[in-house]
Amino acid sequence: MKTSIRLIQQKLGVCADGVIGPVTLRAISAALGVSEIPVWPNQSEVRSGRSVFGAPGREEELVNILPAYQLYFEGKAVRSIRVHRLIAAHVQQALREVLEHYGADEIHRLGLDEYGGSYNYRPVSGGKSLSMHAWGIALDFAPRANGLKVKSPRATLSHPDCEAWWQIWEKHGAVSIGRERNYDWMHLQFARL
């Protein structure tokens, strides 16, 4: 075991400090061949402007990504979606996993191809604080059936056939407002509540 630890330390170019931190967790994940669940900052940290996401609305932090399957915004095909660069790979991978799990027909049946938006510099609905959308770290899906005030069981994303959807996003560190607070089921974000 000590030999393995030394090899990992050499490979990463670090020395053991006796603390299990992000480098150790990354090394363990790599050694086991599993992905680690990222821990994103909470909403307060994001709104302070001192999180890894920086200030809201910074164009240099935003990237356009191609979704793994066809998305539609108000019935029109979406070519790309705009998100913060730090979550881009997670969003792309999550959408690939959704496609692999559900397939195109089931995605359409569940409304998972209905896209409600991502980056949008605006306050939260009915409030003054900036939305997580202002940083490009929130996305909305299936908005027609999962609006802000729609609760379970009316919200289609609260149904058992969407459990895998949420597990995929949570594996990438995303949080569902619906699963946490039972409203705004369309919304997922890469910031803890």
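Heads up: numbering here begins at 1 and tracks the sequence.
- Residues Val98 and Leu110 form no side-chain contact, since every pair of their non-hydrogen atoms from C-beta on lies 4.5 Å or further apart.
- Under a 3.5 Å cut-off, the side chain of Tyr69 and the backbone N or O of Leu112 do form a donor-acceptor pair.
- To the nearest 0.5 angstrom, Gln92 atom CD is 10.5 Å from Ile87 atom CD1.
- Of all non-hydrogen atoms in Ser51 and Ser48, the two that sit nearest each other are N-OG, 4.4 Å.
- For an aromatic pair to be called close, the ring centres must be under 6.0 Å apart, and Trp40 with His172 fails this.
- Contact check on Lys171 versus Glu97 returns a salt bridge, with a Lys/Arg side-chain nitrogen under 4.0 Å from an Asp/Glu carboxylate oxygen.
- Under the 3.5 Å distance criterion, the side-chain polar atoms of Asp113 are left unmatched by any main-chain donor or acceptor of Gln70.
- Closest of all the heavy-atom pairs between Ser118 and Ile81 is OG-CB, 4.2 Å.
- Residues Met186 and Pro143 approach most closely at SD-CB, 3.5 Å, considering heavy atoms.
- Proximity of Val83 to Leu62: side-chain heavy atoms (C-beta onward) are nowhere separated by under 4.5 Å.
- Between the His133 side chain and the Arg122 main chain, no donor and acceptor come within less than 3.5 Å of each other.
- Looking at Glu45, its side chain does come within 3.5 Å of a backbone N or O of Asn42 through a donor-acceptor pair.
- Ion pairing between Lys149 and Asp184 fails under the 4.0 Å rule for side-chain N and carboxylate O.
- Residues Glu170 and Arg179 form a side-chain contact, since some pair of their non-hydrogen atoms from C-beta on lies under 4.5 Å apart.
- Remark: Glu114 pairs with Arg144 by the side-chain hydrogen bond (donor to acceptor under 3.5 Å, both in side chains) rule, at least two apart or across chains.
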Checking side chain to side chain contact (heavy atoms under 4.5 Å, CB included) for the pair Leu95/Phe141: CA distance, chi angles, key distance, verdict? CA-CA 12 Å; Leu95 290 172; Phe141 290 93; 4.2 Å; yes
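- Ion pairing of Arg82 with Glu59 is present here, as a side-chain N (NZ or NE/NH1/NH2) and a carboxylate O approach within less than 4.0 Å.
- Between Tyr72 and Tyr115, the closest side-chain pair of non-hydrogen atoms is not below 4.5 Å.
- Around atom NE2 of His159, more than 12 heavy atoms belonging to other residues, nucleotides or ligands sit under 6.0 Å away.
- Using a 4.0 Å cut-off between charged side-chain N and carboxylate O, Arg58 and Glu60 make a salt bridge.
- Residues Pro56 and Tyr121 come closest through the heavy atom pair CB-CE1, 3.7 Å.
- For the pair Ile177 and Tyr183, the minimum side-chain heavy-atom distance is below 4.5 Å.
- Two rings, from Tyr102 and Trp165, have their centers 6.0 Å or more apart.
- When all heavy atoms of Asn182 and Ser152 are compared, the closest pair comes out as OD1-N, 2.9 Å.
- The backbone N or O of Gln43 lies less than 3.5 Å from no partner atom in the side chain of Arg192, so there is not a single donor-acceptor pair.
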Given Asn146 and Thr156, is the side-chain hydrogen bond (donor to acceptor under 3.5 Å, both in side chains) satisfied, shown in steps? CA-CA 6 Å; Asn146 298 279; Thr156 59; 2.9 Å; yes
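- Remark: side-chain polar atoms of His84 are not paired, donor with acceptor, to backbone N or O of Gly136 under 3.5 angstrom.
- No side-chain heavy atom of Leu188 sits under 4.5 Å from any side-chain heavy atom of Val175.
- Between Leu148 and Trp185 there is no side-chain heavy-atom pair separated by less than 4.5 Å.
- A 4.5 Å side-chain heavy-atom check between Arg79 and Leu66 finds every atom pair outside the cut-off.
- Between Phe190 and His90, the ring planes lie tilted relative to each other; the angle falls in the 30° to 60° range.
- For Arg50, the CZ atom sits in a loose shell: 12 or fewer heavy atoms of surrounding residues, nucleotides or ligands are nearer than 6.0 Å.
- The minimum heavy-atom distance between Ser80 and Pro67, with the atom names listed, is CA-CD, 4.1 Å.
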